[in-house]
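Let me begin by presenting the structure, written as structure tokens, before commenting on it.
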Amino acid sequence: MKKTIQILILTLILSTSVYSQSTERFIRIIGNAKKEISADKAKVQITISEQKANKYNENSKDISFEEAYNSTITELSKIGIKESELEIVIQGKSYSRGNSKNYYVITDFDKLENISNIQVDGMRIKEIKYLFDMSDEDLETELSLKAINDAKRKAKAICDEINMKVGKILNIEVKESSYGTEKIENKKEDIIKSYRVAITFKLVD
């Protein structure tokens, strides 16, 4: 804590020297806030491919892409996922040859486990990503207020050391926030949402 205060006091001294022509004294503080949030949906990417017979297994046979695709659609429909919900991912040569294609479907967690349990020759799950709704204005407000209060706390700690008081806020600048986008993707079900502001406070004797 002492080391942090020393660094912030040095910042104050440098800021005062840069603005020595002004009679107004101020300090610029970074405020931080964090909160763990959970995903609300999952994005499942699957690969559907033709499959060649295993020469070491006499019961094995060739499976065309169409057969693998139709079997996959049948199994998905059993758990309430329609063919129209599949979105194709175009990936160069594998797509142009037509013997292997990638698709993704966005689903809730109730269906995610069912998708993972599907057993179809020629179909496999390639990747699962979790989706986070970042349009929650209440959460953004909560984190921004916490970041502002964190900056106020730091400013007060410094002012106590130099026998001054924290005055009014002169400027607030958002330094870190992913709000403004509807969804973000991550490979983990939970992420830490960070909010960071830079606040300039007036100093009062």
* Partner residues of Tyr104 under the ring-ring contact (aromatic ring centres under 6.0 Å, His included) criterion, sequence neighbours left out -> none
Can you measure from [atom1] ([X]) to [atom2] ([Y]) and round to the nearest 0.5 angstrom?
X      : Y      : atom1 : atom2 : value
Asn117 : Leu112 : CG    : CG    : 9.5 Å
Thr47  : Glu127 : OG1   : CD    : 10.0 Å
Glu113 : Thr107 : CD    : OG1   : 12.0 Å
Leu143 : Glu176 : CG    : CD    : 10.5 Å
Ser194 : Asn32  : OG    : CG    : 7.5 Å
Glu173 : Arg28  : CD    : CZ    : 5.5 Å

State, yes or no, whether a side-chain contact exists between [X] and [Y] at a heavy-atom distance under 4.5 Å.
X      : Y      : result
Ile88  : Lys101 : yes
Met134 : Glu140 : no
Asn102 : Ile46  : no
Asn163 : Asp205 : no
Ile37  : Ile191 : yes
Lys193 : Lys34  : no
Lys52  : Ile63  : no
Lys41  : Lys43  : no

Where is the tightest heavy-atom contact between [X] and [Y], given as atom of each residue plus distance?
X      : Y      : answer
Ala147 : Ala33  : N-CB, 3.6 Å
Val174 : Tyr195 : CG2-OH, 3.7 Å
Ala151 : Ile29  : O-CG2, 3.6 Å
Ile125 : Ser116 : CD1-CA, 3.5 Å
Ile30  : Asp150 : O-OD2, 4.1 Å
Glu67  : Asp62  : OE1-O, 4.0 Å

Output all residues satisfying side-chain hydrogen bond (donor to acceptor under 3.5 Å, both in side chains) with [X], sequence neighbours left out; order by chain, then residue number.
X      : answer
Lys168 : none
Thr200 : none
Asp40  : Lys183
Ser38  : Asp190

* Asked: Is the number of heavy atoms from other residues, nucleotides or ligands under 6.0 Å of Lys111 NZ greater than 12?
  -> yes
* **Heavy-atom neighbours of Glu36 CD exceed 12 at 6.0 Å** =>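 Atom CD in Glu36 is crowded, with more than 12 foreign heavy atoms closer than 6.0 Å.
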* Does any N or O in the side chain of Ser71 come within less than 3.5 Å of the main-chain N or O of Ala68, such that one atom is a donor and the other an acceptor? ->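 Not confirmed, Ser71 side chain does not pair with Ala68 backbone.
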* Stepwise side chain to side chain contact (heavy atoms under 4.5 Å, CB included) test for Phe201 and Arg25 -> CA-CA 9 Å; Phe201 296 95; Arg25 288 171 293 180; over 6 Å; no
* Can Tyr69 and Glu83 be said to form a side chain to side chain donor-acceptor pair (under 3.5 Å), step by step? -> CA-CA 10 Å; Tyr69 178 84; Glu83 181 178 6; 2.6 Å; yes
* To do: Tell me, with the steps shown, if Cys159 and Leu203 meet side chain to side chain contact (heavy atoms under 4.5 Å, CB included).
  => CA-CA 8 Å; Cys159 286; Leu203 295 180; 3.5 Å; yes
* To do: Tell me whether Ile162 is reachable from Ile27 by hopping between hydrophobic residues (I, L, V, M, F, W, Y) whose side-chain heavy atoms are closer than 4.5 Å.
  => yes
* Asked: Can Leu145 be reached from Ile199 by stepping across I, L, V, M, F, W or Y side chains whose heavy atoms are under 4.5 Å apart?
  -> no
* Take Tyr103 and Gln45 through the test side chain to side chain contact (heavy atoms under 4.5 Å, CB included) and record every step on the way to the result. => CA-CA 6 Å; Tyr103 301 83; Gln45 186 168 326; over 6 Å; no
Using distance only, find each side-chain donor-acceptor pair of residues 73-82 under 3.5 Å and give its atom names and separation, not counting sequence neighbours.
residue	atom	partner	partner atom	Å
Thr74	OG1	Asn70	O	2.9
Glu75	OE2	Lys78	NZ	3.2
Ser77	OG	Ile73	O	3.4
Ser77	OG	Thr74	O	2.6

* To do: Would you check, one step at a time, whether the test side chain to side chain contact (heavy atoms under 4.5 Å, CB included) holds for Ile118 with Met123?
  => CA-CA 9 Å; Ile118 291 177; Met123 185 279 260; 3.4 Å; yes
